[in-house]
Structures are given as structure tokens and as C-alpha cells.
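The structure appears below as C-alpha cells.
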Amino acid sequence: ISQKIIKTEKMEMVSHLASSISHEVRNPLAVVKGFLQLMENADLEETKRKDFLQISINEINRADTIIRNYLTFAKPSPENIEILNIKDELCKTIDIITPLANMSSIIIDTAVKPFFIKGESQLLQQCLLNICKNCIEAMSNSGTLTIETASENNHLHLTISDTGTGMTKEQLARIGEPYFTTKGREGTGLGMMAAMQIISSLQGKIHISSTLDKGTTFSIIFPLINK
Ligand code: ADP
Ligand code: MG
């Protein structure tokens with residue numbers, strides 16, 4: 001009997017997942033379709049065409065992020081476990097977020113050493129990007145994103161902090177809840193859900209502390225492997 005219940009729950013989860021994905025991805029697809037139709041007009045000004053193209057690319061990226069964040073639920077455990085050097089991984093993340101940080105005059109301050117953990121690079125990247133993007137989005141008008149590593153008791157301590165808006169107690173309590181966002185149309189409320197899920201799938205732990213108008217600190221711990 002218990003097996004049957006588990007199966008039914010899984011089915012429910014899958015169908016919920018499928019309807020959520022189609023619902024959320026339909027919006028960006030509709031936007032892209034609309035702009036493609038506008039671009040059919042041969043007399044369209046060059047500047048408008050560029051704007052429409054940029055909006056379409058942004059919307060496709062949005063759809064891609066939504067699907068990716070949902071998939072961490074469909075595929076809860078990492079499949080391609082390898083030994084990862086956290087320094088290399090953080091360098092990859094920083095390469096991707098630097099242009100975003102530059103747009104808001106954000107300084108990225110790093111003190112990162114090579115430590116080795118077990119994981120799947122793609123998943124870890126998704127997790128680090130989701131967290132760092134949130135930090136950057138919390139500092140719309142300059143600030144500092146600090147990324148530090150340390151080791152203690154056979155564990156990697158990774159600290160990512162921003163000098164941004166911070167969160168209220170209520171917001172902090174809800175972070176990671178599916179669809180919890182304070183960003184309206186711009187947010188999905190799926191980024192932290194996926195990040196937290198990935199951290200626990202890699203045997204890690206996360207602790208978040210935040211002060212309104214001061215900033216937020218994400219403290220992440222992973223078991224170290226001796227190499
Ligand atoms: P989204 O970024 O799409 O809103 P997330 O799951 O990534 O969804 O984040 C959920 C919410 O948590 C955000 O809307 C924001 O209110 C809050 N949050 C996350 N990270 C930070 C941060 N570094 N500083 C302030 N608020 C944050
Ligand atoms: Mg986010």
C-alpha cells in the first residue's frame with residue numbers, strides 16, 4: 001500500500017511540474033512570437049528591430065532559466081559526480097556575472113582558494129549563478145559582492161555576500177519557497193528553490209542572514225574531499 005501512495009504522489013508531482021512549466025514558459029514564448037510578428041514588417045526601423053530582437057533574446061533566456069530551475073526537481077540527484085575545484089568553479093561563475101555587475105557599478109571582491117569538493121559542475125554553476133544574480137539584483141545602484149572560501153573541520157565554507165537591500169524577517173523566512181518573489185513580472189521565485197535543492201543534493205548546507213538596507217550573506221558548507 002505504501003508503495004502505491006508514493007507512486008501516486010510522484011505522479012501528482014510530475015503533473016504539477018508539467019503544468020507549471022507550460023504555464024510559465026508560455027508567457028515568454030508568447031512575447032517572442034509577438035515580436036517576431038512585428039519584425040515581419042519590412043519597413044521596421046533598424047533601432048526598433050534591434051530592440052525587438054533584444055527583448056526576444058531576453059525572453060528566451062527567461063524561458064530557459066525557468067525550465068532549468070524546474071528540472072532540478074525532476075532530476076533531484078546529480079548524475080555526473082566529479083571532483084570539483086571550487087576556485088575554478090567560482091572563476092567560471094564570476095566570468096558570467098561580471099558584465100551584469102559592471103552594469104550596476106558593482107565591485108566583485110574575491111578571496112578564493114583551491115578546495116576540492118564532490119559535485120556536478122553544471123548543477124553547482126546553476127546554484128552559484130542563481131545566488132550571485134540575486135545579490136547583484138539587490139544592489140541596483142552600486143555595491144560590493146564578496147565571495148570567500150575557507151576550510152574548517154573538513155568542510156568548505158563558501159560565503160557570498162552583498163551590500164544590497166537586504167530582507168525583512170518575513171521575506172527571509174520565505175526565501176526558497178516556490179514562486180516567492182518580490183520582483184513582480186521580472187521574478188520567477190524559482191531561483192533560490194533550485195539553489196537550495198542543489199546544495200542539499202550535493203550534501204551541503206546553506207544559512208542565510210540578512211539585514212534590511214545593509215545586505216545579505218549566504219553561508220554555504222560542503223564536505224571537503226582530501227586530494
Ligand atoms: P527571483 O529572483 O526570481 O525573485 P529567487 O528565488 O531567486 O526568485 O529569490 C526569491 C526572493 O528572495 C527575491 O525576489 C528576493 O525578494 C529575495 N532575495 C533573494 N536573494 C536576495 C538578496 N541577495 N538580497 C535581497 N533579497 C533577496
Ligand atoms: Mg533570483
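Order of listing sets the numbers, starting from 1, for every ligand and every atom in it.
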Non-hydrogen atoms of Lys183 versus ligand 1: any pair closer than 4.0 Å? yes
Is it true that Gly189 lies under 4.0 Å from ligand 1, counting heavy atoms only? yes
Any N/O/S atom from Thr188 (main chain or side chain) under 2.8 Å of the Mg ion (ligand 2)? no
Close N or O approach (Gly187, ligand 1; < 3.5 Å): no
Check ion pair Glu148-Lys87 (N to O, under 4.0 angstrom): no
Under 4.0 Å from a heavy atom of Thr181: which atoms of ligand 1 are those, numbered in the order shown and with their elements? 1 (P), 4 (O), 14 (O)
Is the backbone N or O of Thr168 less than 3.5 Å from a side-chain atom of Gln171, with the two atoms forming a donor-acceptor pair by type? yes
With heavy atoms under 4.0 Å as the rule, classify the contact between Thr216 and ligand 1 as side chain, backbone, both or neither. side chain
Any idea which atoms of ligand 1 are less than 4.0 Å away from a heavy-atom of Thr165? 25 (C)
For Phe218, the atoms of ligand 1 under 4.0 Å from one of its heavy atoms are 20 (N), 23 (N)
Taking both backbone and side-chain atoms of Asn130, is any N or O found less than 3.5 Å from an N or O belonging to ligand 1? no
What part of Ile175, side chain from CB on, backbone N/CA/C/O, both or neither, has a heavy atom under 4.0 Å from ligand 1? side chain
Please evaluate residues Ile117 and Leu124 with respect to the criterion side-chain contact (heavy atoms from CB on, under 4.5 Å), reporting the C-alpha separation (whole Å), side-chain torsions for both, the decisive distance (0.1 Å), and the verdict. CA-CA 11 Å; Ile117 61 170; Leu124 186 64; 4.2 Å; yes
So the atoms of ligand 1 within less than 4.0 Å of a heavy atom of Cys135 turn out to be 23 (N)
Could you check whether Gln125 and Thr93, counting side-chain N and O atoms only, form a donor-acceptor pair closer than 3.5 Å? yes
A student checking ligand 1 against Gly191 at a 4.0 Å heavy-atom cut-off should list atoms 5 (P), 6 (O), 7 (O)
Report yes if Glu186 has an N/O atom closer than 3.5 Å to an N/O atom of ligand 1; otherwise report no. no
Only heavy atoms of Phe180, strictly under 4.0 Å: list the atoms of ligand 1 that pass. 10 (C), 11 (C), 12 (O)
Using heavy atoms and a threshold below 4.0 Å, how should the contact between Asp162 and ligand 1 be classified: side chain, backbone, both, or neither? side chain
From Met192, Met139, Met193 - option closest to atom 6 (O) of ligand 1 by heavy atom: Met192
Check ligand 1 against Gly166 and write out every atom of the ligand that is under 4.0 Å from a heavy-atom position of the residue. 25 (C)
